[in-house]
Peer 1: 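Take a look at the following structure, please.
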Number of protein chains: 2
Amino acid sequence: MEVNKVTIHDIARALDINSSTVSRALSDSPRVAKKTKDRILKKAQEMGYQRNLLASNLRKNITNTIGVVLPRISRHFFSSVIQGIEEAAYQEGYNVMICQSLEQYEREKNIIETLAANRVDGVIVSISMETVDYNHFECLKSRGVPLVFFDRHCDIPGYNNVLIDDFQAGFDATQHLIEKGCKKIIHFSGPQELEIYKNRFEGYKAALIKNDLPFRSDYVIKTRLNEVDGIANTKKLLNDKLEFDAIFSANDVAAIGAIKCLNEEGIRIPDDISIVGFSNEPISTVINPTLTTINQPGVEMGQRATELLLKNIQNKKAPLKPETIILDSSLIDRESTGKSH
Amino acid sequence: MEVNKVTIHDIARALDINSSTVSRALSDSPRVAKKTKDRILKKAQEMGYQRNLLASNLRKNITNTIGVVLPRISRHFFSSVIQGIEEAAYQEGYNVMICQSLEQYEREKNIIETLAANRVDGVIVSISMETVDYNHFECLKSRGVPLVFFDRHCDIPGYNNVLIDDFQAGFDATQHLIEKGCKKIIHFSGPQELEIYKNRFEGYKAALIKNDLPFRSDYVIKTRLNEVDGIANTKKLLNDKLEFDAIFSANDVAAIGAIKCLNEEGIRIPDDISIVGFSNEPISTVINPTLTTINQPGVEMGQRATELLLKNIQNKKAPLKPETIILDSSLIDRESTGKSH
DNA sequence: CTGTTAGCGCATTCAG
DNA sequence: CTGAATGCGCTAACAG
């Protein structure tokens, strides 16, 4: 069963030429005669030759592979980012290795080390919610492997970020709720150690202040932004008899949890309580027209991050100056656009 | 910037010992003295040594990596399969390389060749809807790389499949609708070249026959099982004034399309029209309680497929006899279990 | 245009 | 227990 270990030497021997010529022919070098090239290609085919990329990569010291590290591929935002990354990467002949941290620091660390050990040419990362220090990127840094962060800001000096304006998004979301007449707006907030959630929170606060609404700290619920938390916190809000007429969730998953809970309790959205979350998940938002969302440009974010990364990979000698790209996000109001229900 | 290329030779030189000893120490071989081992490990740490897996893998002729090829990671079923695969793989110290075919034969072919070139130790595949011949697996076959198929049956002799009983699932779905009083049941069918969709279709037919309902070929709609198709076909059904009281969709995505279309038209589900699709997508099904689903055990499928694959990898000399594992799927009726609405 | 030579970094013989 | 030698398969000088 374990067969077919035909190498360039085998095909060189079969043709009574040198293996370097074979190597050159197989990488379509111009420095080899059409005729011999054809002979070699034909023989290679006929012998069932398959290049060993391990050997090739070891020799060339590149892998043509970029690593992608993100919390969860099942979240639609992230899978649309992957979409963008793959498009941009394949176009330039790069492969993509996708890894999920599952929001766990330990896993993220392992992944980064594995990617480094596998000598990927560059890495695109959206850090986990648990990640507060960046020492685990040292193994990439020390080898000069380019790194681009997206969605969740990371301020390691010298690296690039591709983000949306989270302050603005938080502001817009809150402003939207206020304009709809909401006055008691709960905020499901994420870990404040992460810029992204801090900024969304600050945007929320700024919108309240601008509209002369009081900021109440008991309206700010610290959550881990998962669905279970979203459900539990909403239930707790109801039990506590804290009056509120809207929720602005710092991500989509917690918002989904809130919707589920409110549905269960027979509370109508948005008539009784309005909700805004972040998302570009088509299924949850279009089928369920009660969730107004801040739409994040996932595909574009993936593309931009990849383009930046590849530029860094190719320009490694003269690294670009670190830049932060801010993409536009847009608020989508399902109530006013959805025809259904 | 391009720095830190410390190899076992560097650390050997620094300690004035031989690189083989270093190599042994770093792979924790028992054939090296505790004392020297400690010295080496310490020095390695201190010099910032990182093993080059490319070189190591080339030498050992294994990669400790398995490839996964599936249509789309954004579909919840597939991402839960990945969940299962990663769990089982990491436990055994394997890495996972995830690739999406996007239901395109050409992409699938490229991916398989890339995986083969990268010398993965085994591959887990759910073939694309376009895939009707299996020649592109030859590059793995010829090297004796183990291969396990899941969800979408593939009958290359000598390889394993992990599936659900699609005939039974199709039967159950249809039976369920009949028991609810539906008599005019549309079937959104997939490519009949694929066993999976043929079997679901056969199950549908069998249930009709068993219940003395007529089988009508105009009730069977060939679709590509994507959302756009689901919407378009539903709209067409309505325009054609073909009477129907239920849809059994051969996957979830087309069912989602149907729901969207019916929502738009103000047709109530399930009062006017019932729908059954395949899914284990929590968001779409729980929030939207109108979609009854055949639940597919994604995580378990991933685990079983991986266990099988790893067994094959480890037993390569004496390959297991090809087996097909059939897992249970269960019908989940949102109408009777959902408390909401 | 082609051959020769020399490694990429590591793991594994085989000797001691 | 450690050292010396060899080569995994490929590519990149450098000659010719």
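Naming convention: chains lettered A, B, ... in sequence-line order (proteins, then strands); numbering from 1 in each chain.
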Peer 1: Just call it for A:Leu54: base, sugar-phosphate, or nothing, with non-hydrogen atoms closer than 4.0 Å on any strand.
Peer 2: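 No contact.
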Peer 1: Tell me if a side-chain donor or acceptor on A:Asp121 pairs with a main-chain N or O of A:Thr63 at a distance below 3.5 Å.
Peer 2: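 Checking the backbone N and O of A:Thr63 against the side chain of A:Asp121, a donor-acceptor pair under 3.5 Å is found.
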Peer 1: Just N and O in the side chain of B:Arg51: are any of them under 4.0 Å from OP1 or OP2 of C:dA11?
Peer 2: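 True: B:Arg51 side-chain N/O within range (under 4.0 Å) of C:dA11 OP1/OP2.
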Peer 1: Would you mind reading off the distance between B:Lys35 atom NZ and D:dT2 atom C1', rounded to a whole angstrom?
Peer 2: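 In whole Å, D:dT2 C1' and B:Lys35 NZ are 15 Å from each other.
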Peer 1: Name the orientation class of the two ring planes belonging to B:Phe150 and B:Phe78 (parallel below 30°, tilted from 30 to 60°, perpendicular beyond 60°).
Peer 2: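 Answer is perpendicular, since the angle exceeds 60°.
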Peer 1: CG of B:Asn61 versus P of D:dC10: gap in Å, rounded?
Peer 2: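 Distance, rounded to whole Å: 11 Å.
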Peer 1: For A:Thr7 and for A:Arg24, find the nucleotide of DNA chain D with the closest heavy atom, then tell me which residue's nucleotide is more 5'.
Peer 2: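 Of the two residues, A:Thr7 wins.
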Peer 1: Atom CG of B:Leu58 and atom P of C:dC10: how far apart are they, to the nearest Å?
Peer 2: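 In whole Å, C:dC10 P and B:Leu58 CG are 12 Å from each other.
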Peer 1: Report the nucleotide, chosen from C:dT2, C:dC8, C:dC10, that has the shortest atom-to-atom distance to any side-chain atom of B:Ile8.
Peer 2: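 Of C:dT2, C:dC8, C:dC10, C:dC10 is nearest to the side chain of B:Ile8.
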Peer 1: OP1 or OP2 of C:dT4 less than 4.0 angstrom from a side-chain nitrogen or oxygen of A:Asn18, does that happen here?
Peer 2: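 The answer is yes; a side-chain N or O of A:Asn18 sits under 4.0 Å from OP1 or OP2.
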Peer 1: Touch check for B:Leu26, heavy atoms < 4.0 angstrom, all strands: base, sugar-phosphate only, or nothing?
Peer 2: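 B:Leu26: no heavy atom of the nucleic acid under 4.0 Å.
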Peer 1: Could you tell me how far apart B:Lys5 (NZ) and C:dC8 (C1') are, to the nearest whole angstrom?
Peer 2: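 Atom NZ in B:Lys5 sits about 9 Å away from atom C1' in C:dC8.
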Peer 1: Is the distance from OP1 or OP2 of D:dT2 to the nearest side-chain N or O of B:Thr21 less than 4.0 Å?
Peer 2: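 It does not, given that no N or O in the side chain of B:Thr21 lies less than 4.0 Å from OP1 or OP2 of D:dT2.
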Peer 1: C:dT2 P sits how many Å from A:Asp16 CG, rounded?
Peer 2: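 To the nearest whole Å, that distance equals 13 Å.
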Peer 1: So, for A:Phe149 and A:Phe137, is the gap between ring centers shorter than 6.0 Å?
Peer 2: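 A:Phe149 vs A:Phe137: aromatic centres under 6.0 Å.
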Peer 1: What I want to check is whether an N or O donor and acceptor connect the side chain of B:Ser20 with the base of D:dA4 at under 3.5 Å.
Peer 2: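 For B:Ser20, whose side chain was compared with the base of D:dA4, there is a donor-acceptor pair (under 3.5 Å).
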Peer 1: What does A:Thr36 touch in the nucleic acid at a heavy-atom separation under 4.0 angstrom: a base, only the sugar-phosphate, or nothing?
Peer 2: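 Answer is sugar-phosphate: A:Thr36 comes under 4.0 Å of backbone atoms only.
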Peer 1: Run the side-chain contact (heavy atoms from CB on, under 4.5 Å) check on A:Ile40 and A:Leu15 step by step: do they pass?
Peer 2: CA-CA 8 Å; A:Ile40 291 170; A:Leu15 257 42; 3.9 Å; yes
Peer 1: Write down the distance between CZ (B:Arg39) and P (D:dC1), rounded to a whole number of angstrom.
Peer 2: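 Checked: the CZ to P distance equals 15 Å.
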Peer 1: If you only use heavy atoms from C-beta on, which nucleotide in C:dT2, D:dG9, C:dA11 is closest to the side chain of B:Arg59?
Peer 2: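 Selected nucleotide (nearest to the side chain): C:dA11.
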Peer 1: Rounded to the nearest angstrom, tell me the gap between atom NE2 in B:His9 and atom P in C:dC10.
Peer 2: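 B:His9 atom NE2 is separated from C:dC10 atom P by 8 Å.
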Peer 1: When the distance from CG of A:Asp28 to P of D:dA12 is rounded to whole Å, what number comes out?
Peer 2: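 Rounded to the whole Å, the gap is 14 Å.
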Peer 1: Is there a side-chain contact between B:Ile73 and A:Ile82, using heavy atoms and a 4.5 Å cut-off?
Peer 2: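 Sidechains of A:Ile82 and B:Ile73: in contact.
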Peer 1: Report which part of the nucleic acid A:Ser56 touches: base, sugar-phosphate, or nothing (heavy-atom distance under 4.0 Å, all strands).
Peer 2: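 Sugar-phosphate, backbone atoms only, no base.
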Peer 1: Hey, which of these two, B:Lys60 or B:Arg31, hits DNA chain C nearer its 5' end, going by closest nucleotide?
Peer 2: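 It is B:Lys60, whose closest nucleotide lies nearer the 5' terminus.
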